[in-house]
Amino acid sequence: MRDAYHEELDSIGESLVEMARLVGSAIGRATTAMLDADLKLAESVIAADQKVDDLQHDLEARAIALLARQQPVATDLRIVVTSLRMSADLERAGDLAQHVAKLARLRFPESPVPRDLAATILEMGQLAQRLMAKAAEVIITKDVDLALQLEQDDDAIDMLHRTLFQHLMDDRWKHGIETAVDVTLLGRYYERFADHAVSVAKRVVYLVTGEHADEIAPTTPVAPVDTESPA
């Protein structure tokens, strides 16, 4: 019976990895749909978010059943509770990817992004996708140092977010109010998506160490996030 219990704990972890991979793919595809004004791709991202929601609901049901049947304590209890919180982060990240796709659908057949900001938005989408890929790796490996690196990687997204605002506040802005609102929303979607990836990684740190990530310093040099296009 204990073997089945630990198999169920492992299964919850596998569901979290699947959710992370799905939402990482979603933000990449949503970015492409938006920049290319690809309505079919945008619709597929919107529809695919249901699978993320279903995974979260299933994970919650299994976690609650474990709490009721097994009454876990110590590390096992931390795993269950932390997994519930991570699933909420991942579900919200999926919603943000869906928001990007919905904006692409709303502005079709045009792109909501002006040509002079396309490179910045593309980089934000690529960075967001790579951050979530790192979060998935952290869930699998329980690598505390890698988890702590995500917060530094997130600084690149924040910098690009500030760059967008500099464009919006520039007196030479010529794209109108509607586009300014679209760009403001997009910047926020990517920034929040990245925050959820960081939050997942921080929760893994707590799961492994019992300490909050803010109380721990990385023991290995921080490698910058790869900004090349995802495969």
Side-chain angles (χ1 to χ4, degrees), residues 16-36 38 41-42 44-46 48-49 51-53 55-56 86-105 107 111-114 117-140 146-168 182-204 213 222-231:
L16 289 170
V17 173
E18 185 177 1
M19 288 180 71
R21 287 174 172 166
L22 285 171
V23 300
S25 173
I27 198 68
R29 292 185 299 118
T31 302
T32 298
M34 179 183 53
L35 293 174
D36 294 350
D38 187 331
L41 183 57
S44 74
V45 174
I46 294 165
D49 186 59
K51 184 172 182 180
V52 176
D53 293 344
L55 280 168
Q56 188 203 17
M86 285 193 284
S87 74
D89 276 312
L90 293 168
E91 189 275 334
R92 182 58 186 143
D95 286 346
L96 291 163
Q98 187 185 57
H99 291 342
V100 174
K102 285 183 175 179
L103 185 55
R105 181 175 66 181
R107 300 302 180 210
S111 169
V113 180
L117 291 180
T120 301
I121 291 293
L122 175 61
E123 189 174 1
M124 291 186 81
Q126 291 172 345
L127 284 168
Q129 185 172 3
R130 290 185 181 280
L131 274 167
M132 192 56 76
K134 273 194 174 184
E137 185 178 352
V138 166
I139 296 170
I140 295 169
L146 181 60
L148 294 172
Q149 288 175 16
L150 263 76
E151 191 156 16
Q152 280 72 41
D153 293 341
D154 182 49
D155 290 343
I157 287 273
D158 293 338
M159 183 175 65
L160 290 168
H161 194 203
R162 289 192 294 271
T163 297
L164 288 181
F165 273 102
Q166 289 169 0
H167 281 279
L168 291 168
D182 288 346
V183 171
T184 300
L185 288 172
L186 286 170
R188 182 61 172 163
Y189 295 156
Y190 287 115
E191 188 262 341
R192 289 298 298 142
F193 184 98
D195 284 349
H196 285 296
V198 172
S199 179
V200 167
K202 285 183 173 182
R203 295 190 194 284
V204 173
V222 174
V225 70
D226 185 357
T227 59
E228 295 180 4
S229 300

request  = Taking the side chain as every heavy atom from C-beta outward, state whether His99 and Leu103 have any pair of such atoms under 4.5 Å apart.
outcome  = no
inquiry  = If I compare all heavy atoms of Leu131 with all of Ala194, which pair ends up nearest, and what's the gap?
reply    = CD1-CB, 3.6 Å
query = Is any side-chain heavy atom of Asp53 less than 4.5 Å from a side-chain heavy atom of Asp95?
reply = yes
query = Are Leu146 and Gln149 close enough that some pair of their side-chain heavy atoms sits under 4.5 Å apart?
reply = yes
ask   = How about Ile121 and Tyr190: do any of their side-chain heavy atoms sit closer than 4.5 Å?
value = yes
task = Kindly determine whether Met124 and Leu164 satisfy side chain to side chain contact (heavy atoms under 4.5 Å, CB included), including the steps that lead there.
result = CA-CA 10 Å; Met124 291 186 81; Leu164 288 181; 3.7 Å; yes
remark   = Between the CG atom in Asp182 and the CG atom in Leu117, the distance rounded to the nearest 0.5 Å is 11.5 Å
message = Quick one: does any side-chain atom of Gln98 pair with a main-chain N or O of Ile46 as donor and acceptor, under 3.5 Å?
response = yes
key: Over all atoms of both residues, closest heavy-atom pair of Ile27 and Gly125   = CG2-O, 4.3 Å
inquiry  = To the closest 0.5 Å, what do you measure between CZ (Arg162) and CD (Gln166)?
reply    = 8.0 Å
query = Are Phe165 and Thr184 close enough that some pair of their side-chain heavy atoms sits under 4.5 Å apart?
reply = yes
Check: Arg105 and Lys102 side chains under 4.5 Å, non-hydrogen atoms = yes
Distance-minimising heavy-atom pair for Leu127 and Ala156 = CD1-CB, 4.0 Å
Side chain Ser25, main chain Arg21, donor-acceptor under 3.5 Å = no
key: Rounded distance [0.5 Å steps], CD1 in Ile140 versus CG in Leu16   = 10.5 Å
task = Over all heavy atoms of both residues, which pair between Ala97 and Ala30 is shortest? Give the atoms and the distance, please.
result = O-CB, 3.5 Å
query = Yes or no on side chain to side chain contact (heavy atoms under 4.5 Å, CB included) for Gln129 and Met132, after CA distance, side-chain angles and deciding distance?
reply = CA-CA 5 Å; Gln129 185 172 3; Met132 192 56 76; 6.0 Å; no
query = Nearest 0.5 Å, what's the CG-CZ distance between Leu22 and Arg29?
reply = 8.5 Å
ask   = Do Ser44 side-chain atoms and Leu41 backbone N/O form a donor-acceptor pair below 3.5 Å?
value = yes
query = What's the shortest heavy-atom distance between Ala136 and Val17, and which atoms?
reply = O-CG2, 4.2 Å
query = Checking Ser111 side chain against Met34 main chain: does a donor-acceptor pair fall under 3.5 Å?
reply = yes
inquiry  = Between Glu191 and Arg188, does any side-chain N to carboxylate O distance fall below 4.0 Å?
reply    = yes
Met86 vs Met19 side-chain heavy atoms within contact, under 4.5 Å = no
task = Answer yes or no: is there a side-chain heavy-atom contact under 4.5 Å between Val113 and Arg107?
result = no
request  = Test salt bridge (Lys or Arg N to Asp or Glu O under 4.0 Å) on Arg92 and Asp89 and set out the steps.
outcome  = CA-CA 5 Å; Arg92 182 58 186 143; Asp89 276 312; over 6 Å; no
key: Nearest-0.5 Å distance, CG of residue Leu168 to OG1 of residue Thr163   = 11.0 Å
message = Distance check, rounded to the nearest 0.5 Å: Leu96 atom CG versus Leu185 atom CG?
response = 11.0 Å
query = What heavy-atom pair brings Ala88 and Gln56 nearest, and what distance separates the two atoms?
reply = CA-NE2, 3.5 Å
